[in-house]
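Scroll down for the structure; my scribbles are underneath it.
Every value quoted in this text rests on a predicted model; they were computed, and no experiment measured them.
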Amino acid sequence: MLERRTPLESMPEGLMPDGLHLAAVRDRGLLLLQSASSPAMQQALERELGLPLPAAQQVTALGEYALLWLAPGQWLLDLPAKMTASIETALGGRLEATLAAVTDLSDALISLELGGALAPEILMSGCSVDLRPHAFPPGCLARTALAAVPAILWNPGAPERIRCLIECAFADHMLSWLRSATRR
Amino acid sequence: MLRIPCPWCGPRDEPEFRWGGEVPVLRPGPPEAVCAAAWAEYLFMRENPKGWVRERWVHACGCRQWFVVIRNTVTHEIRATAPLGEPLPEIGP
Amino acid sequence: MSRHAHRLERGGRIDRSRPLDFEFDGRRYEGFAGDTLASALLANGVRIVGRSLKLHRPRGLIGAWSEEPNAIVQLGEGETTVPDLKATQVELTEGLVARSVNCWPSARADVFAFLGIFAPLMPAGFYYKTFKWPSWRWFEPAIRRAAGLGVAPTRPDPDRYEERHEHCDVLVVGGGPAGLAAALAATRAGVRVVLVDDRPVLGGALQWEEKLIDSRPALEWVAEAERELRAASHTRVLTRTSAFGCYDHRLVALSERVAPQSRLPIRERLWHVRAAQVVLATGAIERPLVFPENDVPGIMLASAAMSYAAQYAVRPGTRTALLTSTDFAYQAAKALQARGIEIAAVVDTRADPGEVAADARRAGFAVLAGYGPRRVHGARAVRALEVARLAGGAPAHTEQSPLRIECDLVCVSGGWTPTVHLFSQARGALRYDAQRAALVPAAGPKGLQCAGAAAGNFALRECLTDGFAAGRQAAKAAGARADAGVAPMAQPERCAVAPFWSAPHADRRKAWVDLQNDVTRADLALAVRENLRSVEHLKRYTTTGMALDQGKTSNMNALGILAELTQVPIPEIGTTTFRPPYDPVTLGALAGRRIGALYHPLRRTPLERQHAALGAVFEDFGAWRRPAWYAAAGRGRQECIRAEKRAARGAVSVFDGSPLGKIEVRGEDAALFLDRMYYNSMRTLAVGRIRYGIMLSEHGVIIDDGVCMRLAEDHFLVSTTGGAAERIFSGFEEWLQCEWPQLRVLVTNVTCAWGNIAVAGPRARELLALLSTDIDLDPGAFPHLAVRCGRLEGVPVRIARVGFTGELSFELNVPAGYTAALWELLLARGASSGVRPIGVEALQELRTEKGYLHVGTDTDGRTLPADIGMGDILARKSEDFVGRRSLMRAEAQRPDRLQFVGLAADDPATLLPVGAHVLADPQTRRGSHGYVTSSCMSEALGRSVALGLVQAGRRRLGEPVEIYCDGRLSSAHIVSPHWYDPKGERLHA
């Protein structure tokens with residue numbers, strides 16, 4: 001079996017100046033869920049995982065699973081990597097009768113987590129959405145542009161943490177941007 | 001720089017969006033039944049009013065949804081936005 | 001001259017225990033911490049701080065902050081130098097080096113000063129009148145050298161610049177009394193507030209006016225207000241920050257000077273503040289008076305003289321005359337006298353200034369009411385002011401009985417002009433207020449208001465109440481519930497003004513309106529005589545109010561004079577549009593960190609590191625960084641590309657096709673939808689098969705090509721060219737959401753989810769046979785243009801028998817994370833088959849000799865399907881598709897359209913240059929019948945090959961043509977584009 005790699009494998013991790021912390025979120029899978037009918041998707045997810053659909057710009061979470069709103073009729077399921085294939089098959093089966101699609105995007109996006117009290121300000125040097133705690137509380141999500149590339153930003157609920165999902169082709173760009181943003 | 005209220009993501013800065021022109025523009029068809037003038041009208045002719053206009057925008061680096069915006073081309077004021085096909089206030093003077 | 005010769009004994013907000021050395025125009029001086037460059041120069045007795053733009057006249061300090069038009073300096077040296085700063089805004093630092101601009105070797109002794117004698121040759125619009133023959137271009141370099149301001153650094157700026165987005169409920173611009181009151185009210189109401197001020201300290205005019213607020217010294221109130229604001233967690237206070245632009249929907253751009261005051265290694269920070277409510281408490285700028293020789297060093301705004309004396313403990317002169325048309329000058333007289341400056345007289349142009357003059361006389365001041373300025377004595381410094389009694393009301397004054405007042409300083413005070421730049425930039429309307437003799441804000445855009453002096457409320461008492469009310473109102477509009485409390489109070493004061501736009505006979509000697517752009521009252525008069533009466537024309541013709549200055553001290557006087565000259569009332573004249581920036585902004589701040597590698601984000605393939613290890617030379621192809629070719633030691637570019645091509649034709653090549661766009665189209669209407677998206681028919685495509693297709697715009701023009709694979713009855717995979725994935729996917733979404741929402745189709749962009757490696761060449765199957773897969777690779781089971789899904793080396797794979805080289809080819813699609821391992825495995829296992837990675841350059845040459853077109857290279861913005869030989873499909877397809885109706889136009893059917901063909905140079909060693917034209921008439925070398933689009937040397941064919949678009953090309957196969965490029969002609973023949981393997985036997989191997 002071929003070895004699986006990510007553009008983040010050589011990423012240096014750890015503490016940065018000003019109490020910032022940057023880490024790659026590893027061993028996670030990502031399933032894009034599309035459906036013309038929200039009730040059908042709602043039913044499939046509740047039966048399979050017990051997860052309710054999030055409202056617009058929101059995330060619902062249960063244990064190791066998080067369900068991210070992306071657009072009307074589109075969600076992203078963030079789950080343990082080892083569960084990806086089986087959940088993809090199971091959800092696909094439950095949605096067979098409707099116009100729906102389950103797509104494995106685990107390799108398409110990288111997931112980074114920036115922590116620290118200054119994390120919102122650092123990200124707001126390249127993002128026009130207000131990410132400070134009062135405007136971007138736990139469970140909040142924004143699809144926007146970060147450092148001039150499309151990004152899905154969300155607050156996983158842990159204090160002072162922001163997750164960034166970025167197209168993997170922009171991994172190097174995002175890491176050099178973050179390096180330059182946090183340089184002191 | 002405009003601040004455009006996306007019906008799903010809320011107010012965002014203009015660079016997140018792409019402009020799609022005036023609406024409605026009805027695509028004539030079938031091709032064989034469309035005279036040259038009607039096709040040219042569809043391709044090229046727009047009202048381009050000075051004042052209130054109804055146009056469509058897409059939240060390109062957000063939720064990627066197209067929606068309708070009522071905007072004043074003189075003041076850039078945005079009166080309302082709504083998903084395609086949903087009711088919006090009439091545009092008056 | 002001794003150091004600090006003009007420093008007052010006491011007072012000032014300078015730190016006398018911290019002397020700072022600095023250099024100006026090559027001479028060394030000393031100042032104190034807390035000085036500006038301007039105040040330090042003044043303390044050292046430096047009177048001439050600049051030379052005027054056109055005539056190089058000596059100029060001194062007029063203002064004390066951003067209104068200063070004369071003291072423009074080049075700060076620092078080498079790569080960190082900054083041009084065009086105002087000395088009044090440069091905070092003094094140890095070792096600071098500055099030069100005055102627009103003069104040489106110094107402002108004091110400028111060799112260009114002789115230009116003054118040519119003054120009569122440089123009236124308004126002299127550029128337009130003088131430099132017409134032989135051409136402006138002939139004169140421009142010399143004029144730019146003589147007239148320019150600062151110089152840009154020639155080497156890259158090593159400093160760092162930051163950018164920040166900020167959101168708040170209430171943004172208050174200006175930290176003077178009105179701004180502080182507004183920020184206090186909004187902060188107390190509990191909303192998020194940002195307060196910005198371009199000075200290092202808050203307080204604005206309170207720093208030098210020495211008034212009482214709530215019965216205490218005003219600066220105590222300022223300090224307390226600042227403490228309260230900084231302590232509030234929801235309020236941000238930014239000093240040294242200039243709000244330079246106000247844009248749609250209350251976006252305000254700020255430029256913050258971070259270094260050298262902060263220890264952060266950041267020089268400047270650009271802020272984009274989006275506020276629910278904006279309060280512009282930008283204050284007002286005092287107006288100078290327009291009279292003969294009003295540019296002699298030693299003539300200064302009264303407010304600036306007060307600021308130098310009170311803030312910096314500098315004596316701007318020893319004996320001063322105040323020249324005024326307002327009540328404010330009497331305050332100035334008292335304040336300056338209190339600092340030990342002798343007051344020679346207060347010259348008031350008003351015949352009856354009323355109580356304010358009577359009070360002054362009682363206090364012992366000499367007041368000359370009803371007098372106006374006649375001229376100034378002294379060339380390089382003021383020696384005396386000559387005044388005369390004015391007779392007859394404005395504007396047609398006459399004068400009598402001249403009177404000479406000996407003085408070394410003339411303080412002018414012609415009234416206050418509200419700083420409405422930001423308000424006007426945001427399309428706020430202005431109206432002329434005759435009582436205040438100023439343009440004041442009228443109706444503004446939603447959520448934007450002016451307060452305090454910016455709104456025409458010049459007295460401190462009104463500033464405070466107006467500012468507080470504006471802050472309270474803005475907070476309420478932004479949703480505040482809490483009460484803001486009571487506004488701070490101050491004593492009433494007199495603020496009357498009677499405009500005195502220019503002195504009688506001002507045109508006899510030079511009377512300056514715009515000191516920075518060297519515009520006189522006579523220039524305005526000339527422009528009016530030449531019928532340039534619109535204020536917008538006047539501005540451009542005379543250049544008044546342009547450049548760094550943006551008319552801060554000159555606009556209102558120019559308007560008043562224009563009204564006098566044209567006999568049109570000011571409200572009917574209107575005003576010019578203010579444009580950003582209010583004050584100059586460095587390009588470094590605007591660029592921020594978007595420089596170098598971060599300038600343009602590039603996508604990288606999952607094989608980036610593998611390519612680099614193989615010596616790849618990367619280039620940018622559209623949005624992607626890709627290997628152009630692989631360098632080998634001791635071999636040149638062409639040689640390496642040739643070796644790659646040889647492997648592709650003779651053995652097996654691997655190519656990173658990961659950037660190819662990949663779009664999944666699913667649902668019961670998928671085939672119907674793709675039929676509308678493609679020119680070609682996709683409904684008839686069998687499951688497991690692939691079809692080449694082109695997509696058109698509604699104009700019928702080819703916008704992309706690629707293959708479409710049918711994975712299941714209701715499941716297709718669309719492949720786009722590398723740079724087009726996002727564009728085509730967006731197009732799919734737009735058609736589905738806007739035109740055909742009823743179609744039961746879902747589209748998904750999976751471009752980055754899958755890696756793609758094209759294995760191509762006669763030994764491609766041999767190489768794949770060395771890998772473990774459940775897919776039957778036998779040509780019978782897996783023919784050309786088929787697609788198979790299965791597993792390869794234990795991971796999911798989609799293999800497509802397509803390629804761009806013209807050889808037997810397999811495109812392997814695996815989840816992106818496995819691409820690198822698969823690539824390494826192919827190179828290792830394929831060593832014995834002669835496998836070689838090929839880059840984009842080799843691929844382009846291979847496809848050129850195969851005659852495969854590349855959309856955008858071999859087609860242009862007019863190319864229709866019939867032009868590339870695909871016209872017959874239209875008749876066979878009955879359904880509508882995007883662009884169909886446009887193909888039915890007469891224009892689309894013309895026989896003489898440019899068509900895609902091959903071009904064979906008669907000399908096989910001649911490479912036809914891309915872009916070379918096919919001559920319509922070789923005799924006269926006139927007219928074009930098309931051009932070369934792709935061209936390369938083909939080792940496989942042993943000759944040069946080229947592709948092109950040629951008028952009626954396909955009917956002219958075999959015809960000789962002449963190809964023209966840069967004066968050279970080459971003979972060639974029009975041929976079929978399919979140079980290599982025209983029957984396609986190698987594809988089907």
**Q.** Part of V34(B) lying under 4.5 Å from any heavy atom of chain C
**A.** both

Q. If you tally heavy-atom pairs under 4.5 Å against chain C, which of M1(B), E32(B), R56(B), R64(B) wins?
A. R64(B)

Q: Could you tell me which portion of E698(C) (side chain, backbone, both or neither) has an atom closer than 4.5 angstrom to a non-hydrogen atom of chain B?
A: both

Q.
So for W39(B), is it side chain, backbone, both, or neither that comes closer than 4.5 Å to the heavy atoms of chain C?
A. side chain

Q: Could you tell me whether F578(C) and F423(C) have their ring centroids closer than 6.0 angstrom?
A: no

Q | Contact leader toward chain B among P445(C), A890(C), P741(C), S886(C), where contacts are heavy-atom pairs under 4.5 Å | A | S886(C)

Q | Residue, of R884(C), E739(C), E734(C), H165(C), that accumulates the most heavy atom pairs under 4.5 Å with chain B | A | E734(C)

Q. Do the ring centers of H76(B) and Y247(C) come within less than 6.0 Å of each other?
A. no

Return all side-chain donor-acceptor pairs below 3.5 angstrom for residues 7-14 of chain B, not counting sequence neighbours, or 'none' if the list is empty.
unit_1 : atom_1 : unit_2  : atom_2 : d
R12(B) : NH1    : R143(A) : O      : 2.6
R12(B) : NH1    : E16(B)  : OE1    : 2.9
D13(B) : OD1    : R3(B)   : NH1    : 2.8
D13(B) : OD1    : R274(C) : NE     : 3.3
D13(B) : OD1    : R274(C) : NH2    : 2.8
E14(B) : OE1    : L2(B)   : N      : 2.8

Q.
Is E879(C) close to chain B through its backbone or its side chain, or both, or neither, when contacts mean heavy atoms under 4.5 Å?
A. neither

Q) Relative to the ring of W19(B), is the ring of W57(B) parallel (under 30°), tilted (30 to 60°) or perpendicular (over 60°)? A) perpendicular

Q: Would you mind checking which part of F67(B) comes under 4.5 Å of any heavy atom in chain C, side chain (CB onward), backbone (N, CA, C, O), both or neither?
A: neither

Q: May I ask you to decide if the ring planes of H421(C) and Y582(C) are parallel, tilted or perpendicular, using 30° and 60° as cut-offs?
A: perpendicular

Q) For T748(C), does its backbone N or O pair with a side-chain atom of K662(C) as donor and acceptor, under 3.5 Å? A) no

Q) Looking at side-chain heavy atoms only, is the closest gap between W624(C) and L602(C) below 4.5 Å? A) no

Q: Please determine, among E726(C), R250(C), R889(C), the option with the most heavy-atom pairs under 4.5 Å with chain B.
A: E726(C)

